[in-house]
Amino acid sequence: DAGITQSPRHKVTETGTPVTLRCHQTENHRYMYWYRQDPGHGLRLIHYSYGVKDTDKGEVSDGYSVSRSKTEDFLLTLESATSSQTSVYFCAISHSPYRSGDNEQYFGPGTRLTVT
Amino acid sequence: AQTVTQSQPEMSVQEAETVTLSCTYDTSENNYYLFWYKQPPSRQMILVIRQEAYKQQNATENRFSVNFQKAAKSFSLKISDSQLGDTAMYFCAFMKGYSGGGADGLTFGKGTHLIIQP
């Protein structure tokens, strides 16, 4: 298994509070991704990173920000959590997403976030 | 932008049977990759099989194979000799074959819940 951990694994928070989720990898992969999974929607890309301090938006980036100050860590922040952000959040990593045979994304175990 | 459609929300088959999961996609890209991921009740996302769009030969991985029809934008997954451990959500996913131009990362379908009955 790829060395990817997510913390916390479960969190319950109140509307309006800030929340930060952490993804940590030990594989030294360049690319990191944050997805959210909701019933009836599959997984959707929130933000991704293609190197230290290099990030870009995904399909559902509103209300989220990210930071990557080290290769191994990719943080997802909800500045002011809302009930619509209740979801399961997955981090993924990839070594060479655009190279055939080496483009697998490896996923972390997920974080279940509940905003009340 | 691309879209991925899985038209079967749930399927159920008997153990040892063969089952085919459907996936269609829409894109204007010519360089891309397609994937099938499995998500068992543990919630872990596991890559089952991948296909490069430029390859005409269908990918196979043991009991898993795909039927890739590029012109029809179809990418179905066939599971032979199904086992109880195959019970899971299965997601079809698309990814561009190059960086830039936005929309990087995987685009997923909504999934098919496959149940293998003993």
Answer yes if [X] and [Y] sit in the same cluster of Ile, Leu, Val, Met, Phe, Trp and Tyr residues linked by side chain heavy atoms under 4.5 Å apart, and no otherwise.
{"X": "B:F108", "Y": "B:L114", "answer": "no"}
{"X": "B:V4", "Y": "B:F91", "answer": "no"}
{"X": "A:L75", "Y": "A:V66", "answer": "no"}
{"X": "A:Y64", "Y": "A:V19", "answer": "yes"}
{"X": "B:I116", "Y": "B:F64", "answer": "yes"}

Take atom [atom1] of [X] as the centre, draw a 6.0 Å sphere, and report whether it contains more than 12 heavy atoms from other residues, nucleotides or ligands.
{"X": "B:Q14", "atom1": "CD", "answer": "yes"}
{"X": "B:K78", "atom1": "NZ", "answer": "no"}
{"X": "B:K110", "atom1": "NZ", "answer": "no"}
{"X": "B:E10", "atom1": "CD", "answer": "yes"}

So for [X], is it side chain, backbone, both, or neither that comes closer than 4.5 Å to the heavy atoms of chain A?
{"X": "B:M95", "value": "side chain"}
{"X": "B:Y54", "value": "side chain"}
{"X": "B:R43", "value": "both"}
{"X": "B:Q39", "value": "side chain"}

Would you sort out whether B:M45 and A:L43 count as a side-chain contact (heavy atoms from CB on, under 4.5 Å), showing the intermediate values? CA-CA 10 Å; B:M45 293 290 289; A:L43 282 79; 4.0 Å; yes
Heavy-atom side-chain proximity of A:N103 to B:F35 below 4.5 angstrom: yes
For a 4.5 angstrom cut-off between non-hydrogen side-chain atoms, does A:E104 reach B:Y37? yes
List the atom of B:D104, the atom of A:L45, and the distance in Å for their closest heavy-atom pair. O-CD2, 2.6 Å
Which atom of B:L106 lies closest to which atom of A:Y35, heavy atoms considered: N-OH, 3.0 Å
Measure the CD-CE distance between A:Q37 and B:M89 for me, rounded to the nearest 0.5 Å. 7.0 Å
Measure the spacing between CD of A:E59 and OG1 of B:T107 and express it to the nearest 0.5 Å. 6.5 Å
Between A:F90 and chain B, with a heavy-atom cut-off of 4.5 Å, which part of the residue counts as in contact: side chain, backbone, both or neither? side chain
For the backbone of A:F107 and the side chain of B:Q44, can you confirm whether one donor and one acceptor N or O come within less than 3.5 Å of each other? yes
